[in-house]
**Q** 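Got a structure for you, written out below as C-alpha cells; questions coming shortly.
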There are 2 protein chains.
Amino acid sequence: MAAKQEEWKDEYQKICELLRHHSYKLTPQRQTILKAFLENEDQHLSAEDTFMMVKHNYPDIGLATVYRTLDLLAELGILQKNDFGDGRSRYEFNRKDEHHHHHLICIKCGNVSEFDGDLLESLEAEIEKRNGYQVVDHDLKFYGYCNKCKSTLD
Amino acid sequence: MAAKQEEWKDEYQKICELLRHHSYKLTPQRQTILKAFLENEDQHLSAEDTFMMVKHNYPDIGLATVYRTLDLLAELGILQKNDFGDGRSRYEFNRKDEHHHHHLICIKCGNVSEFDGDLLESLEAEIEKRNGYQVVDHDLKFYGYCNKCKSTLD
DNA sequence: GTGCCTGCAAAGCTTTTGCAGGCTC
DNA sequence: GAGCCTGCAAAAGCTTTGCAGGCAC
C-alpha cells in the first residue's frame with residue numbers, strides 16, 4: 001500500500017509541474033481526479049465511474065468538472081481516451097513507456113484486458129506508400145469471450 | 001450506371017430472400033434503405049446520412065425506422081456497424097468476400113478510406129494462449145492525415 | 001485582485017421506446 | 001385478418017455549455 005503510493009508519487013509531482021507549466025491551476029478537484037487514476041492504473045474508468053470514485057474524497061464535486069478535467073488530462077496526454085463501444089468514453093492512465101498496448105474486450109461481461117506488443121509499425125509504412133496517408137496513430141481492439149465467460153457459453 | 005445496377009441486383013435478391021427466410025417483412029422502407037447501401041457500397045453512412053438519402057425516394061420515412069432497419073440489417077450481417085469516434089455510428093455494406101478490411105481515418109477532414117489485408121490471425125492465436133480469451137473479432141483503425149490534408153499541414 | 005475553475009441546471013446530440021394506425025403476408 | 005412495421009413524439013443517456021460565484025495564483 002505504502003509502496004504502491006511511493007510508486008506514483010513521483011509521477012504525480014511531474015504531472016503537477018506539467019499543469020503549472022501550461023498555466024493550468026492546481027485545484028483540489030483536479031488533484032483528486034488525477035490521484036484516482038494513479039491509484040487505479042489498470043482500470044478503464046468512465047466519467048461516471050470517476051465521478052463516483054472521487055465523490056468519496058470530495059463530495060461536492062460536480063459531474064461537469066469531471067468531464068472537463070478528463071478532457072484536459074487527455075488533451076495533455078496524461079490520460080488516454082478510449083471507446084469500447086458501450087456508449088461512453090473510458091479513460092486510463094497513459095503510461096508513456098509501454099507505448100502501445102491493445103485492448104481485449106469481452107462481449108459478454110464487458111471486461112477489458114490489455115495486450116502488449118505493437119507489430120503494426122511496418123503496416124503503417126505500407127499504408128503511407130499505398131494510400132498516401134500520413135499515419136499518426138492506430139487503435140486495435142479484439143472482441144471475444146474472457147476466460148470466465150468462455151466456460152459459460154451455451 | 002446500368003452496369004452498376006446489374007452488379008448488385010443479384011445481391012439484392014439474395015438479401016430479400018434472407019429477410020423472408022427470417023420472416024421479416026419486405027416493406028418499401030426496408031427495400032429503399034437496402035438499395036441506398038447497395039448503390040453506395042464504398043460509403044460509411046450514419047443514420048442521419050441514410051435518412052437524408054432515402055428521404056428523396058421515400059419522403060415520408062421516419063428517422064426511427066432508419067435506426068430500426070440499420071439495426072436489423074447489421075444484426076443479419078448485411079451491414080457492418082462502425083464507430084469512427086465522431087459520436088455517431090456509421091454503417092457500410094458488408095462484403096463477405098473481402099473478409100476483413102481496416103479503416104484509415106483522416107483526423108482533419110474525417111474522410112474514411114479502407115485498407116485491405118488481415119495479418120492478425122496469428123496474433124489472435126497468441127492472445128488465446130496468453131490471455132485465455134476466445135477471440136471472435138477484431139477492429140483495427142489507423143488515424144492520420146489523408147493525401148489532401150497532408151499537404152495543408154501548418 | 002484577476003481571471004481561470006467550479007457547480008448547477010439547462011440544453012444538445014444521438015439513439016431508443018411507447019403507441020395508435022397501417023400494411024405485408 | 002393477424003401481427004409485424006411504421007411515423008410521430010417523447011424520453012433516455014452521455015456530454016457540453018452558460019452563468020454566477022469562488023478560489024488558485
Side-chain angles (χ1 to χ4, degrees), chain A residues 13 15-36 44-76 78-79 81-91 110, chain B residues 13 15-36 44-76 78-79 81-91 110:
Chain A
Q13 292 303 334
I15 295 171
C16 289
E17 208 166 319
L18 182 64
L19 286 173
R20 266 192 298 267
H21 179 261
H22 283 266
S23 306
Y24 290 122
K25 294 188 175 159
L26 231 66
T27 65
Q29 290 92 333
R30 286 175 179 173
Q31 294 177 50
T32 312
I33 290 172
L34 184 50
K35 280 179 193 163
H44 305 84
L45 304 173
S46 68
E48 191 74 32
D49 292 340
T50 311
F51 179 58
M52 300 299 273
M53 206 155 220
V54 167
K55 230 174 165 30
H56 287 133
N57 296 328
Y58 203 102
D60 282 348
I61 200 167
L63 183 53
T65 300
V66 174
Y67 272 103
R68 283 186 280 234
T69 303
L70 294 177
D71 223 41
L72 173 68
L73 294 178
E75 201 78 37
L76 291 172
I78 296 162
L79 297 183
K81 187 175 186 174
N82 283 114
D83 183 352
F84 298 138
D86 60 348
R88 72 204 66 187
S89 293
R90 296 184 169 278
Y91 296 80
Chain B
Q13 293 303 334
I15 294 170
C16 289
E17 208 166 318
L18 181 65
L19 285 174
R20 265 191 298 269
H21 180 261
H22 282 267
S23 306
Y24 290 123
K25 295 190 175 156
L26 232 64
T27 65
Q29 291 91 332
R30 285 176 179 171
Q31 294 177 50
T32 311
I33 290 172
L34 183 51
K35 280 179 193 162
H44 306 82
L45 303 174
S46 68
E48 191 73 32
D49 291 340
T50 311
F51 179 58
M52 300 298 273
M53 205 155 222
V54 167
K55 229 174 165 29
H56 287 135
N57 296 330
Y58 203 102
D60 282 348
I61 200 167
L63 183 54
T65 300
V66 174
Y67 272 103
R68 283 186 280 232
T69 302
L70 294 178
D71 223 41
L72 174 68
L73 294 176
E75 202 77 37
L76 290 172
I78 296 163
L79 297 183
K81 187 176 185 174
N82 284 114
D83 183 354
F84 298 138
D86 60 348
R88 71 204 66 187
S89 294
R90 296 184 169 278
Y91 296 80

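Note that the structure is a prediction, hence the values are computed from the model and not measured. Atom set for the values below is all heavy atoms of this structure, side chains included, hydrogens, waters and symmetry mates excluded. The sequence lines fix the lettering, A, B, ..., with proteins before strands; numbering per chain opens at 1.
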**Q** State, with a plain yes or no, whether a side-chain heavy atom of A/Ile78 is found less than 4.5 Å away from one of A/Leu34.
**A** yes
**Q** Which whole-number value in Å describes the distance from A/Ile61 CD1 to C/dC5 P?
**A** 14 Å
**Q** How many whole angstroms separate atom CG of B/Asp60 from atom P of C/dC23?
**A** 11 Å
**Q** Taking the side chain as C-beta and beyond, is there a heavy-atom pair between A/Glu17 and A/Gln13 under 4.5 Å?
**A** no
**Q** Just jot down the side-chain contact (heavy atoms from CB on, under 4.5 Å) partners of B/His21, sequence neighbours excluded, or say none.
**A** none
**Q** Just by protein heavy atoms under 4.0 Å, how would nucleotides 9-21 of chain C read 5' to 3' in B, S and -?
**A** -----SBBBB---
**Q** Mind checking the CZ-CD spacing from A/Arg68 to A/Glu75? Nearest 0.5 Å is all I need.
**A** 15.0 Å
**Q** Separation of A/Leu72 atom CG from D/dT16 atom P, in whole Å?
**A** 13 Å
**Q** In this structure, how many angstroms lie between the C1' atom of D/dT6 and the OH atom of B/Tyr58, rounded?
**A** 8 Å
**Q** Taking ring-ring contact (aromatic ring centres under 6.0 Å, His included) as the test, write out the residues that go with A/Phe51, two or more places apart.
**A** none
**Q** A side-chain contact here means heavy atoms from C-beta on lying under 4.5 Å apart; do A/Leu76 and A/Tyr24 qualify?
**A** yes
**Q** What's the angle between the local helix axes at either end of the helix from C/dG1-D/dC25 to C/dC25-D/dG1, using five pairs per end and rounding to 10 degrees?
**A** 40°
**Q** So if I take every side-chain heavy atom of B/Arg30 and compare against D/dG7, D/dC5, C/dC5, which nucleotide ends up nearest?
**A** D/dC5
**Q** Report the distance from atom CG of B/Leu70 to atom P of D/dC5, rounded to the nearest whole Å.
**A** 15 Å
**Q** Going by salt bridge (Lys or Arg N to Asp or Glu O under 4.0 Å), name the residues that satisfy it together with B/Arg90, two or more places apart in sequence or in a different chain.
**A** B/Asp49, B/Asp86
**Q** Figure out the NE2/C1' separation between B/His22 and D/dC4, and round it to whole Å.
**A** 16 Å
**Q** For A/Ala47, does its backbone N or O pair with a side-chain atom of A/Arg88 as donor and acceptor, under 3.5 Å?
**A** no
**Q** How long is the gap from OG1 on B/Thr50 to CG on B/Leu45, to the nearest 0.5 Å?
**A** 4.5 Å
**Q** In whole Å, what is the span from the CZ atom of A/Phe51 to the P atom of D/dT15?
**A** 13 Å
**Q** Which atom pairs, donor and acceptor, lie under 3.5 Å between side-chain atoms of residues 53-67 of chain B and protein residues at least two apart or in another chain?
**A**
unit_1, atom_1, unit_2, atom_2, d
B/Lys55, NZ, B/Pro59, O, 2.9
B/Tyr58, OH, B/Gln29, NE2, 3.4

**Q** Look for any protein N or O under 3.5 Å of an N or O in nucleotides 23-25 of chain D and output each such pair with its distance, or none.
**A**
unit_1, atom_1, unit_2, atom_2, d
D/dC25, OP1, A/Leu26, N, 3.1

**Q** State the CD1-CZ distance between A/Ile15 and A/Arg30, to the nearest 0.5 angstrom.
**A** 13.5 Å
**Q** Is any side-chain N or O of B/Gln29 closer than 4.0 Å to OP1 or OP2 of D/dG7?
**A** yes
